[in-house]
Amino acid sequence: MALSTIGILQNLLLVYAGYTLCKVVYRVKFSPLRAFKGPLIAVSTNLYRFYYDAILQGRFLSNLEVLHQQYGSVVRIGPNALHFNSLRAYFDIYKADSSVVKDPELYAVFGFDESSIGFTDPNASLMRRELLSPFFSRRAILELEAVIQSKVDKSVNLLKEYTAEKPVNAHYAFRCLTLDVIWNYCFADDFNALDAKDFTHPILVSIQTQIRSFWVLKYIPILLFTILSVPDTVFKYVSPTLFVYLESRRRYTEMVDKLLDDPSTLHDSDRATIFHHLILPQKHLKGSNQIPSRSSLIDEAIALVQAGSDTVANTCTIGIFHVLDDPFIRKKLLDELRLAWPDEESQVSLQTLEKLSYLTAVIKESLRLSTGVVTPLSRVVGPQGAIIDGHHVPAGTIVAMGATFVHKNEEIFPEPLRFWPERWIENASLNRYLVPFSRGPRMCLGMNLAWAELYLIFANVLRKLDLTPYNTSAEDFRTYRELFVPVYDGREFHLARSTNAK
Ligand code: HEM
């Protein structure tokens, strides 16, 4: 009996080995992508990508740069996946009328499938974008400018107070600030991350600790399901940092449940939140006015907070570091700010700041160098196939091109690693190649809010505080792990009071 079980297992193993071999031969010799070159192991299995993503924890992007040097402007990075590196390819993939759709395998990793970011079905995405767009319109941002300003003021005061004693972690400071802004903007409620001593809010510490394992979730999706299904308390002792993160998710659930129990409370609020747009009937919509499900409302709340916090904070970290690190840039920017805003005790409006050409150039350069989302945003080619950079790409192929390949293109941006705001002033045609918010039907929905935050944060922090980078150099930002957002390998950016105080 035991022998026959072993025999059955051996046969099963043989069948599996034969099947795997046939699959490998098919992928290398007969696949419709066989004309596109790449490393044999990447062409024939998913192990290659798994190694860089999950084992090396976010090193696929740096390896892609090497692959393009070796294989040219298009590389086969998986049995069914291509990565491009040419400007034409970027605009072919992320164009307005593109037939490509978001790759479900990439986006499932977030665990918020039924949200503006998570929807892979273009119709579902379109409907959600229709509901949310007015909330992120320029008009809406101007109406809620005071919300952003109040959080910026709070962070400036705290930076002043903390740096009087010792250097502070600037990246954490900006993350607390942007988390508080997006929370208040979306829900008209306070998260109060800024209240955490030295900006080390437990939720941010938890994310920082867990984030390296992020890509494991892509390869073992059951893990995400398990983590989200098991009661939080189980993790209290097993993984206290994960517990903090999961506990924070409960805040979203409670918020949604309270509203669904009694939607009339929405009328008590003195200003609109995302739930006003999602739950109350929208007169401007022609299509269906169906209220999203409970799970979709929770997903949306989580997605918006995640989309709107680290991206803005990273841009501030990179930009403010470089401004303070270069006396010439710093002086030029301060001269412009002082001229437009002579009395720093008064408040400066967003509309005033938007007119400042050097500040605008500094922010553009910060967006270019930080890129926001560094992971190549993969898309699946529709049933008609696609022409990308002159190549015919068959239906079902996963295609992508990382925005970093546009932002570091030497022909467009000479000396691409240099922080050089003047380039934007000297050459207006560069604007077309600034793509931190992506392009096409799935481009960033929060772009206006992001710009507003960046103007107000850069201007207020740099105008009101006399700070200097502490124990941080440009080298600290040279390499990073690609975990959707960049996680830099170097020392964390700290800010100290400047020795040459005013
Ligand atoms: C500097 C700041 C920001 C950068 C660089 C940035 C970048 C991006 C990028 C590259 C995408 C496309 C992602 C993809 O294709 O999967 C995206 C999508 C999105 N962003 Fe932003 N973002 C920023 C700030 C914000 C803010 C403040 C919000 C406000 C909540 C926001 C909300 C969204 C949403 C909802 C989407 C999904 C759009 C869709 O898939 O249809 N983003 N963002």
Side-chain angles (χ1 to χ4, degrees), residues 90 93-94 96 98 100-110 112-133 135-137 140-141 144 147-148 151 174-175 177-187 273-274 277-278 299-319 363-380 399-404 406-407 434-458 482 484-486:
Y90 186 86
I93 298 172
Y94 306 98
S98 177
V100 302
V101 296
K102 278 194 172 182
D103 168 19
E105 255 183 52
L106 173 65
Y107 290 90
V109 76
F110 292 107
F112 42 65
D113 302 2
E114 297 175 86
S115 68
S116 50
I117 302 178
F119 284 127
T120 51
D121 169 22
N123 291 327
S125 152
L126 203 68
M127 276 167 62
R128 183 57 53 91
R129 285 181 73 100
E130 254 196 334
L131 283 174
L132 289 176
S133 292
F135 189 63
F136 292 109
S137 68
I141 306 297
L144 292 184
V147 165
I148 311 173
K151 302 295 171 195
F174 296 135
R175 288 173 75 199
L177 165 58
T178 54
L179 182 52
D180 278 359
V181 170
I182 192 69
W183 191 276
N184 197 301
Y185 190 91
C186 287
F187 313 130
T273 65
I274 56 157
H277 290 261
L278 294 170
D299 278 5
E300 193 60 70
I302 299 174
L304 291 178
V305 171
Q306 289 201 5
S309 45
D310 274 5
T311 43
V312 183
N314 265 331
T315 313
C316 296
T317 298
I318 290 293
I363 296 175
K364 284 182 184 170
E365 190 65 344
S366 309
L367 283 165
R368 182 187 72 82
L369 267 190
S370 62
T371 301
V373 177
V374 288
T375 293
L377 302 166
S378 43
R379 303 289 190 251
V380 184
V399 293
M401 179 168 155
T404 53
V406 180
H407 287 174
L434 184 65
V435 292
F437 300 104
S438 189
R439 286 286 168 105
R442 303 304 299 266
M443 79 183 288
C444 181
L445 203 56
M447 214 165 96
N448 292 322
L449 176 59
W451 268 103
E453 287 184 64
L454 293 170
Y455 272 115
L456 292 170
I457 298 171
F458 274 67
E482 162 250 317
F484 222 70
V485 289

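Start at 1 and go down the list; that is how both ligands and their atoms are numbered.
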Enquirer: In the protein, which heavy atom is nearest to atom 13 (C) of ligand 1, and how far is it?
Expert: L377 CD1, 3.9 Å

Enquirer: Compare every heavy atom of T178 with every heavy atom of A313, then report the nearest pair and how far apart it is.
Expert: CB-OG1, 3.6 Å

Enquirer: At the 4.0 Å heavy-atom cut-off, does R128 count as touching ligand 1?
Expert: no

Enquirer: Do L445 and F437 have side-chain heavy atoms sitting under 4.5 Å apart?
Expert: no

Enquirer: Work out which heavy atom in R379 is nearest to a heavy atom in S438; give both atom names and the distance.
Expert: NH2-OG, 4.5 Å

Enquirer: Is it true that E300 lies under 4.0 Å from ligand 1, counting heavy atoms only?
Expert: no

Enquirer: Please name the pair of heavy atoms, one in M401 and one in P376, separated by the smallest distance, quoted to 0.1 Å.
Expert: C-CB, 4.2 Å

Enquirer: Quick one: are I141 and L449 in side-chain contact, heavy atoms under 4.5 Å?
Expert: yes

Enquirer: Using heavy atoms and a 4.0 Å limit, tell me yes or no: is M447 in contact with ligand 1?
Expert: no

Enquirer: Among all protein heavy atoms, pick the one closest to atom 37 (C) of ligand 1 and tell me residue, atom and distance.
Expert: I117 CG1, 3.3 Å

Enquirer: Tell me whether ligand 1 is touched by F119 - counting only heavy atoms on the residue side and a distance under 4.0 Å.
Expert: no

Enquirer: Between R379 and ligand 1, does any nitrogen or oxygen pair lie at a separation below 3.5 Å?
Expert: yes

Enquirer: List the atom of V312, the atom of E453, and the distance in Å for their closest heavy-atom pair.
Expert: CG1-OE1, 3.8 Å

Enquirer: When you look at F187 and I274, which way does the side-chain contact (heavy atoms from CB on, under 4.5 Å) test go after all the steps?
Expert: CA-CA 7 Å; F187 313 130; I274 56 157; 3.7 Å; yes

Enquirer: Heavy atom to atom 10 (C) of ligand 1, shortest distance: which of P436, G372, G446 holds it?
Expert: P436

Enquirer: Can you tell me which residue and heavy atom of the protein come closest to atom 16 (O) of ligand 1, and the distance to 0.1 Å?
Expert: Y107 OH, 2.5 Å

Enquirer: Measure the acute angle between the ring planes of F112 and F110, then classify it against the limits of 30° and 60° as parallel, tilted or perpendicular.
Expert: parallel

Enquirer: Below 4.0 Å from any atom of ligand 1, is there a heavy atom belonging to L367?
Expert: yes

Enquirer: What residue and atom, counting heavy atoms only, is the protein's closest point to atom 1 (C) of ligand 1, and at what distance?
Expert: T315 OG1, 3.5 Å

Enquirer: When you measure from atom 24 (C) of ligand 1 to every protein heavy atom, which one gives the shortest distance, and what is it?
Expert: T311 OG1, 3.5 Å

Enquirer: Under 4.0 Å, heavy-atom basis, I'd like to know which part of R439 is in contact with ligand 1: side chain, backbone, both or neither.
Expert: neither

Enquirer: May I ask you to identify the nearest protein heavy atom to atom 18 (C) of ligand 1, giving residue, atom name and distance to one decimal place in Å?
Expert: C444 CA, 3.5 Å

Enquirer: Below 4.5 Å, heavy atoms only, C-beta onward: do F119 and Y107 meet side chain to side chain?
Expert: no

Enquirer: How far is atom 38 (C) of ligand 1 from its nearest protein heavy atom, and which residue and atom is that?
Expert: R129 NH1, 3.3 Å

Enquirer: Sub-3.5 Å donor-acceptor pair from the side chain of N448 to the main-chain atoms of F136, do we have one?
Expert: yes

Enquirer: May I ask you to decide if S116's main-chain N or O and R442's side chain share a donor-acceptor pair within less than 3.5 Å?
Expert: yes

Enquirer: Measure N314 to ligand 1 on non-hydrogen atoms and call it side chain, backbone, both or neither using the 4.0 Å cut-off.
Expert: neither

Enquirer: Between V373 and ligand 1, find which residue part has any heavy-atom pair under 4.0 Å and reply side chain, backbone, both or neither.
Expert: side chain

Enquirer: So is Y185 in contact with ligand 1, going by heavy-atom distances below 4.0 Å?
Expert: no

Enquirer: Tell me which protein heavy atom sits closest to atom 35 (C) of ligand 1, plus the residue, atom name and distance to 0.1 Å.
Expert: S116 OG, 3.3 Å

Enquirer: Which is it for I182 and ligand 1 at heavy atoms under 4.0 Å: side chain, backbone, both or neither?
Expert: side chain

